Amino acid sequence: PQMDGLFKLTYRALGMKGQTDVELGDRDELCVRIAKELPSAADAAARDARVADESPTTAAAAAAAGDVDADWLAFFTAAGIDAAASAEYAATFLQNDFTIDLCDDLDRDLLKDLGVTRVGHQVRILKHVKNK
């Protein structure tokens, strides 16, 4: 389909500052150029808080759709893991027959074996198990 005339683009930049240019390209493709700078520590923390606030809703929707195990999803989101990673981990733990009652046996090596490679996620999960 061909685009003519004016159009409006709405987006949310997660903690990025900068200027955005939008134009229609030579082959009717939409070109977006974002000149960005890295967010400050405060902006990054605010972004992470916004994402964490949104995670339970997104995670709940995924569980309701039957895409992931609701118990694992609740476990990972309670540990502070974002919705996308929570859904991924929930599916992986389920595929590996790793049940909630085995959580006391978790360590960093086992988490890596289960696909949890982000160190921050490993720490959050292990803290959650310890405080549960």
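Predicted model, so just to flag it, every value in this text is computed and none were measured.
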Measure across I81 and A85 and return the closest heavy-atom pair with its distance rounded to 0.1 Å. CG2-CB, 3.6 Å
Do the rings of F76 and W72 sit parallel, tilted or perpendicular, given the 30° and 60° boundaries? parallel
Which residues satisfy the side-chain hydrogen bond (donor to acceptor under 3.5 Å, both in side chains) test with T92, sequence neighbours excluded? none
Between V123 and F75, is there a shared hydrophobic cluster once you connect ILVMFWY residues whose side-chain heavy atoms come closer than 4.5 Å? no
Taking every non-hydrogen atom, the tightest pair across L73 and A87: CD1-N, 3.7 Å
Please, which pairs that meet salt bridge (Lys or Arg N to Asp or Glu O under 4.0 Å) have at least one residue in residues 103-120, sequence neighbours excluded? D82-R118
Verify, without hydrogens or angle tests, whether Q122 (side chain) and L111 (backbone) share a donor-acceptor contact under 3.5 angstrom. no
Can you tell me how far apart CG (L94) and CG (D71) are? Round to the nearest 0.5 Å. 10.0 Å
Could you walk me through whether F98 and L106 pass the side chain to side chain contact (heavy atoms under 4.5 Å, CB included) test, one step at a time? CA-CA 10 Å; F98 197 90; L106 282 173; 3.6 Å; yes
In residues 125-132, what donor-acceptor pairs under 3.5 Å come from side-chain atoms, sequence neighbours left out?
| unit_1 | atom_1 | unit_2 | atom_2 | d |
| --- | --- | --- | --- | --- |
| N131 | ND2 | K127 | O | 3.2 |

Under the ring pair (Phe, Tyr, Trp, His ring centres under 6.0 Å) definition, can you give me all pairs with a residue in residues 103-123, not counting sequence neighbours? Y89-H121
